[in-house]
Amino acid sequence: MLDNNLKNSPQLIVGNLSVVYPGVKAVANVSFSLAKGATLGIAGESGSGKSTIALALMKLIAPPGRITSGEIIFDGKNLLKLSDAEMVRVRGAKISMIFQDPFTSLNPVFTVGEQIAEAVRLHQGLGRAAAWAAAVKRLEAVHIKEAERRAHDYPHQFSGGMRQRVMIAMALACRPQLLIADEPTTALDTTIQLEIIQLLKEVQAEFNLSVIFITHNFGIVKAFCRDVLVINKGSVVETGPVAAVLSRPQSSYTRKLLDALRIINRE
Ligand code: ADP
Ligand code: MG
């Protein structure tokens, strides 16, 4: 009975999450859940609290900022109760994050192969040769051509779009279950944006990932996500399947975001 319940229970349950920075209530009582393999968009304007939610999920809110309430149940465990050492084993290994700026996760002084192999070695305890082979395989998974040779290159030797691919390869290094993507395509040209979204769809299927896709762009939510959480000033204003929210937005804030998208599309 218990086993059955666990199998059907969501992979991630966030309940009443609140985060404050000095003088700012950045996230207020946010709740949502995510089934295994699901795609959830978190949409809202700049400053609405999206990145803070993402960082809170990874327990990476830097002091004096702090999580003031809530629970984050991942795989049946409340992450907020885990020790720092236990959390290190969750980050990267079970939950990975990608960002707008690839240099947030890529170190400029190591080759991309070394970095991905190091992550694999740390979390999966593979030997050097096996970890290097895994790194090359990840670069192939994100369609870096001549992956074996390019694994010896440094991050700056890749173009913007290719560097995003390398960052995705890095995030996939340890076969995480959940990928949190915080505006990973915002800084890219439209055609490269589409390529990266296509790639994320592909790796989601291949690696059986659940994905939280954070964006201010409803077009991306529509292209990638099944469900969406709309947030404004740190609070959830609307949530539901993307198709329903797009065709019948309930809040004036969501309608405003959608109008902005229509104007952009018309240009
Ligand atoms: P978004 O990702 O939606 O643009 P953020 O989560 O970055 O929003 O920010 C939410 C609010 O918290 C904003 O008012 C922002 O100014 C504030 N904030 C974010 N990070 C910090 C920080 N490290 N210190 C103080 N305030 C912050
Ligand atoms: Mg942000």
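Worth knowing before you read on, the calculation uses all heavy atoms, side chains too, and leaves out hydrogens, waters and symmetry mates. Atoms within each ligand, like the ligands themselves, are counted from 1 in listed order.
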Keeping to distances under 2.8 Å, can you name the protein N/O/S atoms close to the Mg ion (ligand 2)?
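Near the Mg ion (ligand 2), the protein supplies S51 OG.
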One residue to check: E45. Relative to ligand 1, which of side chain, backbone, both or neither has a non-hydrogen atom less than 4.0 Å away?
backbone
Are V19 and L12 connected in the hydrophobic side-chain network, where two residues link if heavy atoms are under 4.5 Å apart?
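As far as the 4.5 Å side-chain criterion goes, L12 and V19 are connected within one cluster.
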Considering only protein heavy atoms, which is closest to [atom], and at what distance to one decimal place?
atom	result
atom 23 (N) of ligand 1	Y21 CE2, 3.8 Å
atom 4 (O) of ligand 1	G47 N, 2.6 Å
atom 14 (O) of ligand 1	V24 CG1, 3.8 Å
atom 8 (O) of ligand 1	G49 N, 3.1 Å
atom 7 (O) of ligand 1	S51 CB, 3.9 Å
atom 6 (O) of ligand 1	T52 OG1, 2.5 Å
atom 3 (O) of ligand 1	K50 NZ, 2.8 Å

What is the distance from atom CG of L106 to atom CZ of F99, rounded to the nearest 0.5 Å?
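Answer for the CG-CZ pair, L106 versus F99, is 10.5 Å.
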Distance check, rounded to the nearest 0.5 Å: I168 atom CD1 versus M170 atom CE?
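That separation rounds to 13.5 Å.
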Is Y154 close to V109 at the side-chain level, that is, under 4.5 Å between some pair of heavy atoms?
no
Would atom 16 (O) of ligand 1 count as contacted, meaning some protein heavy atom under 4.0 Å?
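Under the 4.0 Å cut-off, atom 16 (O) of ligand 1 has no protein heavy-atom neighbours at all.
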Give the atom numbers and elements of ligand 1 that come within less than 4.0 Å of a heavy atom of A26.
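Counting from 1, the qualifying ligand atoms are 11 (C), 12 (O).
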Applying the side chain to side chain donor-acceptor pair (under 3.5 Å) test to H143, which of E195, E202, R165 qualifies?
E202
